[in-house]
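Working notes, beginning with the structure itself.
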Amino acid sequence: MKMKWAKTFWVCLLMTAMIGVLSACGQSDNTNTASGNTGSTGNTEQKQVVLSFMTTWSESDPFTGVYYKNAMAFEKANPDIKLDIETIPYNDYPVKLNTTAAGGNLPDLILMIGGGSMFEQIARSGALMPIDEMMGSWKEDFLPSSKIKEFNVDGKQYGIPGEVSYATVIYYNKKILKDAGYTEFPATYEAFKAMVKDLKAKNITPIAYGNKTGSVLLASLLSPLNERISGPDLYAKIKSGEQKFTDPDFMNALKDIKELSDMGAFNVDLNSVDNVQATNLFLSGNSAMYIDGSWGAKQISKDKAADFEVGFAVFPQIEGGKGSMSTMPGATNQGVVLNAKLDDAKKAAAEKFLQFMYSEESYQNIIRDGNMVPANVTAPADIDPLFKEMTGVLAGVKEITPVYDIVMPATVVTATKNGLQGLTTPGGSTPEAVAEELQKELGQ
Amino acid sequence: MEQRLRPKRPFSAQIHRLVLLLLLVINIYPLLWMVLNSLKTEQELTMNPFGIARQPVWSNYIEAWKVAKLGPYLVNSIIVTLSAVVLTLLVGALAAFFLSRFEFKSKGFLLVYFTFGMLIPIHATLVPLFIEMRSLHLMDNRLTLLLPYTAFNLPITIFILAGFMNAFPKEVEEAGIMDGCSVMGIFGRLILPMLTPALATAFIINFLNNWNEFSFALVLITDGALKTLPLGLANFAGQYNRSYTLQMAGLTIVLVPTLLFYLSVQKYLTAGMTAGAVKG
């Protein structure tokens, strides 16, 4: 027995040692094949170009599935180009992107979920290839430069967005509002507030918010309030130090949010449910309105009962404010950028890929899937009627202003999210405290 | 660990039982909730988060299996987790043996050195580790995760094993030497068998750590064929949507191996406690 034990032990030890040795061999094998794929030697005879592509697009995701399908269509149309797709879950994408960028190991094609600060950093580091020389494929009247400027850093274009997301759309239950005596959605903020009060008095939850992550109040309430009160350039002014968070402009927006919250305008659990749960609250007839970005329409269209009537509204005008209803905070998303180190063959393949992914046909697929696009494309006839109605309501929006979380430094964004959650919690923080905290966080 | 109830004191035994029952409910309820909700539709979950599904949606499990790519990821997770655990326990036990049973100059320093390893936050090491693995050409193969998993679990393993070994009486080794045992013989024949309960504890901690580990797997593995379960489970949350019911179905599936491993090791946790080496 004792002998047996010792034997087992030594065998184990030996095996561990062997794993170590074998692994060393296996690993060098791997690097050989890997360098064969990426390097220019050996495999150049083979015609197929392999482009590694890191993305969040996945077939089963209702929001990015259309992009995945477009990419698959590209592969089918170009048998000489193969996409080696690595799908990363959306929430973890920034970590992976940051690490691979910091490690200098970016793949050939990289998805940028949005423009803005994170992307700028990588672009300025020189890791990405400007595509200015490829831009000839897109005419100005097809793709206005004002709509793709978020993917432009220091005058160089790095990518083209696939879609535009408007940060605030008010979805309302037509039946509830009609029963409460409102056949038309209020056009001014005062009238809007009066309606909220009235609904509350009738024991209806006026607005459902799913602010669990903190980003919904930020994008869909604070941003439009800021825009309506102060006009489009408030954030730039605050960043440059021309204005402060504690100045009346920003302060009034916070006070408005506090006022709504104290009024009981929101579902009480707004900070502990997410947008899916809030959508369900709205669709089950438990709230009169639901506020989220234009992306919320897809979930609503998918989950709503057949006889449920949804109305759409743009955030109302504030009397005496500098903003207008033809402006809306929004962001452009889903741009693919290129690794700066691509060789000529890969570069040509990547150019083909971009031309395909941001062509009229691809954009039409994106629209058909329920997204707004930056390009001037005639909408296909067979789109979801609900989505068509929303595009009609949003057609009046001519200008996009940058959203808060793309302009502001990440620490300020986090502090704002927390601040807004504090504001909307009974007995939580005051607008003054939040504003001071933010100013301190900005450090100016 | 588990307190033996003495028949002499029935009243306090009742109290114990009540407290334990309460703890059981507190611990089991979230799991039960997860299983119950894994059978609902999204809508029913929001409307009725606590009740039982009116009509169990078994297809959630099939869908979850597909979305999270559980098939290949489960195999990968089992391979990576088990090999890392075995390696960690083997290296950890050897290290703990020398750190605990031998006297040498830098012993105190080495113990502290390993213990400090527990204080390093994993996220701080992501980028350097990524660069290191890339330079060593260790990205994207079966061993990629084995090394960091072993390294990051060694401190706690050594800490547990050495602590446990410290309590062994010196007489055990003396008896071994008298009988002509070599150093490794003492380790293999005397110390290791006595160490079983501590090894079981370390096994469970290691297993859970590796099984649930996310950041390294996310950053160091690019090849879809080598990814592990936590990466698959993250697929349930998209940019604007999150399918809770599928997620719960996926989590329920993933829970099963964890439970099985725990149950299979759990008896060693207590079995070794009473088996003293030096009797009388």
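Chain letters run A, B, ... following the sequence lines, proteins first, then strands; residues in each count from 1. Both backbone and side-chain heavy atoms feed into the values below; hydrogens, waters and symmetry mates do not.
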Atom group of [X] that falls short of 4.5 Å from chain A, counting heavy atoms:
X         : answer
Leu190(B) : neither
Lys227(B) : side chain
Ile131(B) : side chain
Leu129(B) : neither

Practice prompt. Would you mind telling me which of Leu231(B), Thr222(B), Val127(B) has the largest number of heavy-atom pairs within less than 4.5 Å of chain A?
Written response: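 Most heavy-atom pairs under 4.5 Å with chain A: Thr222(B).
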
Worksheet item: In terms of side-chain heavy atoms, does Asp84(A) have a donor or acceptor partner in Ser52(A) at a distance below 3.5 Å?
Response: no

Discussion item. Just by distance, no angles: are the side chains of Asp292(A) and Tyr290(A) close enough, under 3.5 Å, to form a donor-acceptor pair?
Written reply: yes

Practice prompt. With a 4.5 angstrom heavy-atom cut-off, could you sort out which part of Ser58(A) is near chain B: side chain, backbone, both or neither?
Written response: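 Neither part; nothing is under 4.5 Å.
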
Worksheet item: At a heavy-atom separation under 4.5 Å, does Ile85(A) approach chain B through its side chain, its backbone, both, or neither?
Response: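 For Ile85(A), no heavy atom lies under 4.5 Å from chain B.
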
Discussion item. Quick check on the interface: out of Asp274(A), Val95(A), Leu283(A), who has the most heavy-atom pairs with chain B under 4.5 Å?
Written reply: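 Among the listed options, the one with the most contacts to chain B is Asp274(A).
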
Worksheet entry | Inter-residue atom distance Glu163(A).CD - Asn333(A).CG, 0.5 Å rounding |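 Glu163(A) atom CD to Asn333(A) atom CG measures 5.5 Å (nearest 0.5 Å).
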
Worksheet entry | Salt bridge present between Lys69(A) and Glu59(A) (N-O < 4.0 angstrom) | no

Worksheet, complete the sentence: Per side-chain contact (heavy atoms from CB on, under 4.5 Å), Met112(A) is matched among Leu97(A), Val336(A), Thr332(A) by Leu97(A)

Fill in: Thr87(A) backbone acceptor or donor facing Tyr93(A) side chain under 3.5 Å
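Such a contact is absent between Tyr93(A) side chain and Thr87(A) backbone.
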
